[in-house]
Protein chains: 2
Amino acid sequence: MANYRINKVTLDNVAQLANVSKVTVSRAFSQPEKVNQTTLKRILDAAEKVGYVVNTAARNLRAKSSKTIGIVTPDLSNPFFSHLAKFMTEEAHQNGYDTLIFDSYESIHNEQNIIDKLIGYGVDAIILAVVSSEISYNPPYFKQLKILGIPVILLDRHIPDSPFSGVYIDNIDCGIQVGRYLVNQKVKKVTIISGPKDSLVAQERVSGIKMILENYTNIETIFADFLMNEAYLATVEHLKKANIPDYFVGCNNQISLGIIKACIEKGLMPQKDFCLFSIDEVSHANIYGFKFPCIVSDLNEIAWQAINMALRRINEELSTIGNVVVRGQLQI
Amino acid sequence: MANYRINKVTLDNVAQLANVSKVTVSRAFSQPEKVNQTTLKRILDAAEKVGYVVNTAARNLRAKSSKTIGIVTPDLSNPFFSHLAKFMTEEAHQNGYDTLIFDSYESIHNEQNIIDKLIGYGVDAIILAVVSSEISYNPPYFKQLKILGIPVILLDRHIPDSPFSGVYIDNIDCGIQVGRYLVNQKVKKVTIISGPKDSLVAQERVSGIKMILENYTNIETIFADFLMNEAYLATVEHLKKANIPDYFVGCNNQISLGIIKACIEKGLMPQKDFCLFSIDEVSHANIYGFKFPCIVSDLNEIAWQAINMALRRINEELSTIGNVVVRGQLQI
DNA sequence: CTGAAAGCGCTAACAT
DNA sequence: ATGTTAGCGCTTTCAG
């Protein structure tokens, strides 16, 4: 009933075949420059012949660093996160680190398990886009990670009271840019669909918009969730009760999709019958021939900042908790 | 310069705090039923207090099974794969297994490294959607995995000469269903955009279509790639030279997107000015108010088959190499 | 139900 | 440039 892996290949096997001690074989794989060229070749040949691969478990148990960074996001099928994950992986590779990427599928329970797993795998740092965007989110593992001294970089979703550094989008600035754009368009009536009421991101984006628009415009704000379906339902409800605004504002890419779906289902044509300003690029819009003004974030920049903050903390070049805030770009 | 994790918490720490030996603590986490209720509670409390998490590296080094299945796909931002990954993870969890999910980003080089990593982590099985769909794909790690005796389940992309089992879509049947639909529509002229010429999936889907249509219809087949941009470019070229066919056939979801993009860019309206039949659901079409006839695969079924095939191989209930073929459903 | 001893495969520190 | 020794944190015998 059990799975004893039939053939285990270890350093010893390779060592025998290559007529060296296993330490030398070990070096051949971790510090090849310290091994004689001829010996090295003999070892690598032997290793290939028997199909040897370094046993990560054993290595991590002994080595000081696993050279691995854990990445956790709530939804890898959201391009915002999947692209970030890709860019971070590339940046990590360039610095000699691997990544271990997990999707918490928006579940707190999964998130906790994943964090435990990552700790168990001995990652050197964790980059974490948290499930919840509640301002007061404070899951048990926060304390745990703090105790263990594992560097944590929060991504995208800011939690003010957490003991960790983070890389965030400048949400108020996003809002301000949205507001300015709408002022230029001389809009009279705006409907904002945003994330949960208790999410800082949701609040900040809305308050940025209101800073600019408050006195000029009739604004309705709906706090729904950063998910397509919630935004869709909120928009459907809204359209039943109210007239079509001059502009909808979708506070992230999923919300924008929900708004579009609801409007199109009602027979409203984008640009003709309704206008939308999106925070984040609207997925697939260009494919289907639509174009919406939006604020786009430089995902490459965010990824670079996150990985490099992680590396600096790992190497203890950075002791204080600090945040990096990346501004979005208006794209018309 | 180095990252000595400041506070390591081990079995010993918990053992001291709970006044038991470390073996008992170990049992508390791996076979809690073998530990006295009272003792168990004391141990778990102690563990929580100091933030203890099982060290996976150490566990995997000693244990016979890591209770982990590795999953590798070429593109997690493709919903086909990201949903499969999600369903497989759920199914694995229900059987007491974790998953380790990697994205090879369509690179052979990454793929090889990921396989090495997975072997190194001691996964019990690997479910692999290969980068290439070349019929004769035969990377070095095939042999290696065979030597090591690690169960491998190929996913979606069939490689006839490989020594592994797999779960596949019935591609010829897909094609036949497409063909029948088009016959019913009494089409005269069809343009098929498919994957690479040397891909079995691409070939089978096309040949299925042709089995039904050959004698009735004017068919043009373009072998491009299973990627949006290649399909887009192929369609753009095609539209320069030829008239609009009665139907385009997109041989996977990415290709369908490419066709749509090219047509819409040329000012052609879906359903009005051009028709498309897609193998795979067309991502986001419903959001933007479009509906294309398509063949959809039951991803839940595929995921279930893949995980259960893996489990049966792990438990040696299954010794021969066999394949499971899942049929797609027509959706109008 | 609990414990003592051994060792998984690897690498750091110290030889040589 | 290579080898020797010790031990990472855990689980698996085997004893009690």
Side-chain angles (χ1 to χ4, degrees), chain A residues 2-5 7-16 18-43 46-47 50-68 116-117 119-124 148, chain B residues 1-16 18-43 46-47 50-68 116-117 119-122 148:
Chain A
N3 139 57
Y4 310 91
R5 204 154 86 205
N7 300 302
K8 292 215 178 193
V9 180
T10 72
L11 281 183
D12 269 323
N13 301 306
V14 181
Q16 285 193 328
N19 257 311
V20 286
S21 77
K22 62 178 181 177
V23 196
T24 311
V25 181
S26 169
R27 285 201 190 95
F29 283 92
S30 41
Q31 316 166 63
E33 70 281 3
K34 293 197 176 173
V35 176
N36 182 299
Q37 284 295 322
T38 336
T39 327
L40 184 61
K41 192 178 174 335
R42 209 168 65 238
I43 294 174
V50 291
Y52 172 78
V53 178
V54 177
N55 180 325
T56 320
R59 167 179 283 181
N60 288 352
L61 192 55
R62 198 70 185 83
K64 275 179 290 201
S65 154
S66 64
K67 287 277 181 186
T68 304
D116 284 353
K117 270 269 164 310
I119 298 173
Y121 278 125
V123 294
D124 296 333
L148 295 173
Chain B
M1 81 146 278
N3 140 58
Y4 311 92
R5 205 153 87 206
I6 299 117
N7 300 302
K8 293 214 175 191
V9 180
T10 73
L11 282 183
D12 270 322
N13 300 305
V14 181
Q16 285 195 326
N19 257 312
V20 286
S21 77
K22 64 179 181 177
V23 194
T24 310
V25 181
S26 169
R27 285 202 190 93
F29 283 93
S30 40
Q31 316 165 65
E33 69 280 4
K34 293 197 176 171
V35 176
N36 181 300
Q37 284 296 322
T38 336
T39 327
L40 184 61
K41 191 179 175 334
R42 209 169 65 237
I43 293 174
V50 292
Y52 172 78
V53 178
V54 177
N55 180 327
T56 320
R59 166 178 285 181
N60 287 353
L61 191 55
R62 200 71 183 79
K64 276 179 286 203
S65 155
S66 64
K67 287 280 183 182
T68 304
D116 284 353
K117 268 269 164 307
I119 298 172
Y121 279 124
L148 295 173

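Since the structure is predicted, the reported quantities are computational estimates derived from the model, not experimental observations. Naming: A, B, ... by sequence-line order, numbering from 1 per chain.
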Exercise for review: Tell me, with the steps shown, if B:V53 and B:V9 meet side chain to side chain contact (heavy atoms under 4.5 Å, CB included).
Suggested key: CA-CA 8 Å; B:V53 178; B:V9 180; over 6 Å; no
Among the nucleotides [options], which one has an atom lying closest to any side-chain atom of [X]?
X	options	result
A:T39	C:dT11, D:dT2, C:dA13	D:dT2
B:L11	D:dC10, C:dG9, D:dG3	D:dC10
A:V23	D:dT5, C:dG9, C:dG3	D:dT5
A:L61	C:dG9, D:dC10, C:dA12	C:dG9
A:A58	D:dG3, C:dG9, D:dT2	C:dG9

Exercise for review: For the residue pair B:V23 and B:R27, establish whether any side-chain heavy-atom pair is separated by less than 4.5 Å.
Suggested key: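 Answer yes - side chains close enough.
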Point to revise | Heavy-atom check, side chain of B:V20 versus side chain of B:R42, under 4.5 Å | key: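 Yes, side chains in contact.
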Could you check how far [atom1] of [X] sits from [atom2] of [N], rounded to whole Å?
X	N	atom1	atom2	answer
A:K67	C:dT11	NZ	C1'	15 Å
B:N13	D:dC10	CG	P	9 Å
B:Q16	D:dG9	CD	C1'	15 Å
A:Q31	D:dA1	CD	P	12 Å
A:R27	C:dC14	CZ	P	14 Å
B:K8	D:dC10	NZ	P	10 Å
A:F29	C:dT11	CZ	C1'	14 Å
B:N19	C:dT2	CG	C1'	13 Å

Tell me whether the side-chain N/O atoms of [X] come closer than 4.0 Å to OP1 or OP2 in [N].
X	N	value
B:R59	D:dT11	yes
B:T24	C:dG3	yes
B:Y52	D:dC10	yes
A:S26	C:dT11	yes

Check your understanding: For B:S66, does its backbone N or O pair with a side-chain atom of B:T68 as donor and acceptor, under 3.5 Å?
Key ->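 Yes, because the side chain of B:T68 sits within donor-acceptor range (under 3.5 Å) of the backbone of B:S66.
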Practice item. Return yes if the base of C:dG7 and the side-chain atoms of B:R62 contain a donor-acceptor N/O pair under 3.5 Å, otherwise no. Key: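 Side chain to base: pair present.
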Point to revise | Whichever of A:K22 and A:L40 has its nearest DNA chain D nucleotide further upstream toward 5' | key: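 Looking at the nearest nucleotide for each, A:L40 comes out on the 5' side.
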Check your understanding: With sugar-phosphate meaning primed atoms plus P, OP1 and OP2, does B:T10 contact a base, only sugar-phosphate, or nothing at under 4.0 Å between heavy atoms?
Key ->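 The answer is sugar-phosphate, as B:T10 gets under 4.0 Å only of primed atoms, P, OP1 or OP2.
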Point to revise | Crowding at CD, A:Q37 (>12 non-hydrogen neighbours, <6.0 Å) | key: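 Not buried by this count: 12 neighbours or fewer within 6.0 Å.
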